[in-house]
J.: 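Quick one: the structure is below, questions incoming.
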Protein chains: 2
Amino acid sequence: MRDPERTRASILGAAFDEIYHRGFHDTSVNEIVGKTTLTKGAFFHYFSTKNDLGYAIADEVLKEMVLERWIRPLAAYKNPVQGIISRFRKIIESTPDEHMALGCPLNNLTQEMSSVDPVFREKLRAVMQLWISETEKYLTKAREQGYLKPDVNPRQVAEFVVMVEEGAFAMVKNLRDKKVYWSLYGSLKGYLESISQKPTEQLSA
Amino acid sequence: MRDPERTRASILGAAFDEIYHRGFHDTSVNEIVGKTTLTKGAFFHYFSTKNDLGYAIADEVLKEMVLERWIRPLAAYKNPVQGIISRFRKIIESTPDEHMALGCPLNNLTQEMSSVDPVFREKLRAVMQLWISETEKYLTKAREQGYLKPDVNPRQVAEFVVMVEEGAFAMVKNLRDKKVYWSLYGSLKGYLESISQKPTEQLSA
DNA sequence: TGGTTAATATACCATTTGGTATGATAACTA
DNA sequence: TAGTTATCATACCAAATGGTATATTAACCA
């Protein structure tokens, strides 16, 4: 009848939800366990401190979320630059209004905790580094395949793209206006097209 | 010997500093007055609640900061687009490393409080709307004067520019690497140049 | 000058918080 | 099956928090 993995996962899930809605400081351990069928005893069995729970969210939930939403889908596109543009659009379309108003979970936690706790800082930094590096890989491939002008710097573009993806969420959260999302989408699209080119015919075969 | 305005200002200043460093929730009223020569009695004489203090910070401190840092300096440039680029550079250069690690005060407070308290949300939204609108004015002027291509949408560009200005701070805060700031600066510059043009000779005179 | 009000200090409180000590129960193992 | 351990529940606590009640002092005004 007992299922430790499930139990831990349910705490982690409830905690993420609550923290996403109300912020880390404003979410109490009591509220978290209140969202589950468990009690405080179970909580502190799996996480020796509230901060430890936060670390687990960064390490497991946020990292996985970034990969699932922003990175893995890119593999399906022949032109990675088109992939980045399309995915951005898809995410706008598929994100419910409620989440728009809540912003990006990674950015929320970073702004709140990064300058206050060095362990949080390192873990959240790692997630963003991963996000950027994986984006950079696709941009490097895009340049090699001739979709990008030869003088573009993939790392620089990756940093800019990720910053826009996060910044767009942050701004929409603040302004509470989904139209702004489309406006920013248009600008990012314009920027990426300005550094793109039609791929020349490959020498291969 | 008493100076109410000065007293209020000193509370507001200490509060801004402390909240900028540790976040709103993690800053207690006791810590704020501890940073001044006053006591809790004075605090609650000027701000009937801790939230009220936060509202005052948004209304007075943050709004003034945006105007002073991002808007007013633009008046000195003949080409507003060049002004935006130059100011961005100047702010990178003049912002101390400590502040880089703390991010943008407006963004910090927004991410933490906007989805939790509707009054905060409205006040912070107003600050950002002002930021965008004032930027838009300069971009409109730039287009009229021929510095921007005629088909650019000043509102759209303004939203993008402000998002980059804020998002850059957020990303640098997360990555703790000032070099990233220059990387983002380069991308913004490239973007703005891609929608610029050499001004045609005016018909005037 | 006397009294009223504004400005600031001091002492206190109810509530909430993260965390602990300990108890109970299920599961696994020898 | 007995005993050990992992899993979860319950009851409790010290500290900190936002806020209040009240005292004190400075300033202004009639």
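The structure displayed is predicted, hence computed values, not measured ones. By convention in this document, chain letters (A, B, ...) are assigned in the order of the sequence lines, proteins followed by strands, and residues within each chain are numbered from 1.
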J.: Could you list by number each residue of residues 50-60 of chain B showing a heavy-atom separation from DNA chain D of less than 4.0 Å, or answer none if no residue does?
T.: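 Contacting residues: B:Lys50.
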J.: Go through the steps for B:Arg125 and B:Met128 under the test side chain to side chain contact (heavy atoms under 4.5 Å, CB included), then give the verdict.
T.: CA-CA 5 Å; B:Arg125 194 168 84 101; B:Met128 172 153 284; 6.0 Å; no
J.: With the threshold set at 4.0 Å, does a side-chain nitrogen-carboxylate oxygen contact exist between B:Arg143 and B:Glu136?
T.: no
J.: It should be established whether B:Thr49 places a side-chain nitrogen or oxygen under 4.0 Å from OP1 or OP2 of nucleotide D:dG19.
T.: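 For D:dG19, OP1 or OP2 has a side-chain N or O of B:Thr49 closer than 4.0 Å.
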J.: Separation of A:Glu31 atom CD from C:dT16 atom C1', in whole Å?
T.: 10 Å
J.: Can you give one letter per nucleotide of nucleotides 5-15 of chain C, 5' to 3': B if a protein heavy atom sits under 4.0 Å from the base, S if only from the sugar-phosphate, - if neither?
T.: -BBBBB-----
J.: So does B:Lys149 pair up with B:Asp151, basic N to acidic O under 4.0 Å?
T.: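 No salt bridge links B:Lys149 with B:Asp151.
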J.: B:Phe43 has an atom CZ; how far is it from atom P of D:dT20, in whole Å?
T.: 12 Å
J.: Using 4.0 Å as the upper bound for N to carboxylate O, is an ion pair formed by B:Arg8 and B:Glu5?
T.: no
J.: Is there a residue in residues 15-29 of chain A whose heavy atoms reach under 4.0 Å of DNA chain C, and which residues are they?
T.: A:Thr27, A:Ser28, A:Val29
J.: Evaluate the ring planes of A:Phe88 and A:Trp70, with Trp represented by its six-membered ring, and classify them as parallel (under 30°), tilted (30 to 60°) or perpendicular (over 60°).
T.: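 Answer is tilted, since the angle falls between 30° and 60°.
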J.: Can you measure A:Phe44 atom CZ to D:dA11 atom P for me and round it to whole angstrom units?
T.: 17 Å
J.: Salt-bridge test for A:Glu144 and A:Lys141: reply yes if a basic N is under 4.0 Å from a carboxylate O, no otherwise.
T.: no
J.: Using a 3.5 Å distance criterion without hydrogens, assess whether the side chain of A:His21 forms a donor-acceptor pair with backbone atoms of A:Asp17.
T.: yes
J.: Sequence neighbours left out, what passes side-chain contact (heavy atoms from CB on, under 4.5 Å) with A:Arg89? Give chain and number order.
T.: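 Listed in chain order: A:Glu93, A:Trp182, A:Tyr185.
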J.: Could you tell me whether B:His25 and A:Phe24 have their ring centroids closer than 6.0 angstrom?
T.: no
J.: Measure from CZ on A:Arg6 to P on D:dC8 and round the result to the nearest Å.
T.: 12 Å
J.: What is the distance from CD1 of A:Ile32 to P of C:dT16, rounded to the nearest Å?
T.: 17 Å
J.: Quick one: side-chain contact (heavy atoms from CB on, under 4.5 Å) partners of B:Thr27, sequence neighbours excluded?
T.: B:Glu18, B:Ile19, B:Arg22, B:Glu31, B:Ile32
J.: Applying side-chain contact (heavy atoms from CB on, under 4.5 Å), name anything that partners A:Ser187, two or more places apart in sequence or on another chain.
T.: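 Only B:Gln156, B:Phe160, B:Tyr191 meet the side-chain contact (heavy atoms from CB on, under 4.5 Å) criterion with A:Ser187.
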